[in-house]
Amino acid sequence: MDYLVAKWLHILSSTLLFGTGIGSAFQMLLASLNRQPQAVAVVVRQVVWADWLFTATSIVLQPASGLYLLHVLQLPLTTPWVLWSIALYLLAGGCWLPVVWLQMRMRRLAEAAAAAGEGLPPLYFHYLRWWAALGVPAFVALLAIFWLMVAKPA
């Protein structure tokens with residue numbers, strides 16, 4: 001029973017991690033390209049909130065449940081697909097931390113522009129380019145991890 005609960009938590013948290021990432025990235029990108037500071041401020045605020053609520057909790061649950069599943073299945077950490085999954089997870093996490101930092105700054109810039117009745121400043125779009133550049137490898141890494149978890153190649 002413990003195995004099934006851990007597996008369910010692992011799958012659920014991976015779904016939340018991926019779903020929140022792709023959904024919030026889509027919303028934030030579309031709002032940003034719209035260039036309306038009031039809308040951008042609302043969306044970016046919600047994206048930051050979603051990251052802390054869903055992404056951060058999933059980031060903790062994923063390794064905890066994964067390590068427990070490895071223990072129950074008696075799979076060593078040196079199993080190739082496990083090592084690749086861990087490396088890709090660290091890559092995605094390494095991209096996520098600066099993305100959150102960027103999002104918080106983008107939120108402040110959008111809120112300030114909305115309050116002043118001005119357009120989004122060039123710095124916002126500079127941050128947006130970095131945000132997208134970091135999001136792509138994180139997205140690809142998570143896709144690869146899903147494949148590794150399902151295929152478990154030798």
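Numbers for residues simply follow the sequence, beginning at 1.
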- request: Provide the closest heavy-atom pair for Val48 versus Arg107 in the form atom of the first, atom of the second, distance.
  value: CG1-NH1, 3.5 Å
message: Are His10 and Leu61 packed together at the side-chain level, in the sense that at least one heavy-atom pair is separated by less than 4.5 angstrom?
response: no
query: Between Leu128 and Leu102, is any pair of side-chain heavy atoms under 4.5 Å apart?
result: no
message: Under 4.5 Å between side-chain heavy atoms, counting indirect links through other Ile/Leu/Val/Met/Phe/Trp/Tyr residues: same cluster for Val42 and Phe26 or not?
response: no
- prompt: Are Val100 and Trp52 side-chain neighbours, meaning at least one heavy-atom pair lies under 4.5 Å?
  reply: yes
Could you go through residues 66-95 and list every donor-acceptor pair under 3.5 Å that involves a side-chain atom there, pairing it with any protein atom two or more places apart or in another chain?
{"from": "Thr79", "atom 1": "OG1", "to": "Pro76", "atom 2": "O", "distance (Å)": "2.7"}
{"from": "Ser85", "atom 1": "OG", "to": "Trp81", "atom 2": "O", "distance (Å)": "2.8"}
{"from": "Tyr89", "atom 1": "OH", "to": "Ile59", "atom 2": "O", "distance (Å)": "2.8"}

- line: OH of Tyr127 to CZ of Arg108, rounded to nearest 0.5 Å, is 9.5 Å
query: Any side-chain heavy atom of Thr20 sitting closer than 4.5 Å to one from Ser58?
result: no
field: ILVMFWY cluster, Leu148 and Ile11 together (side-chain gap under 4.5 Å)
entry: no
- request: Could you tell me whether the side chain of Val40 reaches within less than 4.5 Å of the side chain of Gln36, counting heavy atoms only?
  value: no
message: Measuring only between side-chain heavy atoms, which start at C-beta, is Gln62 closer than 4.5 Å to Ser14?
response: yes
field: Ring-face cation contact, Phe125 with Arg35, 6.0 Å cut, 45° max
entry: yes
- prompt: Trp130 versus Val99: any side-chain heavy-atom pair under 4.5 Å?
  reply: no
- prompt: Can you get from Val136 to Leu30 by hopping between Ile, Leu, Val, Met, Phe, Trp and Tyr side chains that sit under 4.5 Å apart?
  reply: no
Side-chain touch Phe18/Leu143, heavy atoms, less than 4.5 angstrom: yes
task: Specify the closest pair of heavy atoms between Ala25 and Trp131, including all atoms of both residues, with the distance to one decimal.
output: O-CH2, 3.4 Å
message: If you apply the rule side-chain contact (heavy atoms from CB on, under 4.5 Å), what do you find for Gln27 with Gln46, and how did you get there?
response: CA-CA 10 Å; Gln27 285 298 115; Gln46 292 170 344; over 6 Å; no
Closest approach of Gln103 to Asp51 (non-hydrogen atoms, all atoms of both residues): NE2-OD2, 2.7 Å
Members sharing Leu12's hydrophobic cluster (side chains within less than 4.5 Å): Val5, Trp8, Leu9, Leu16, Trp49, Leu53, Phe54
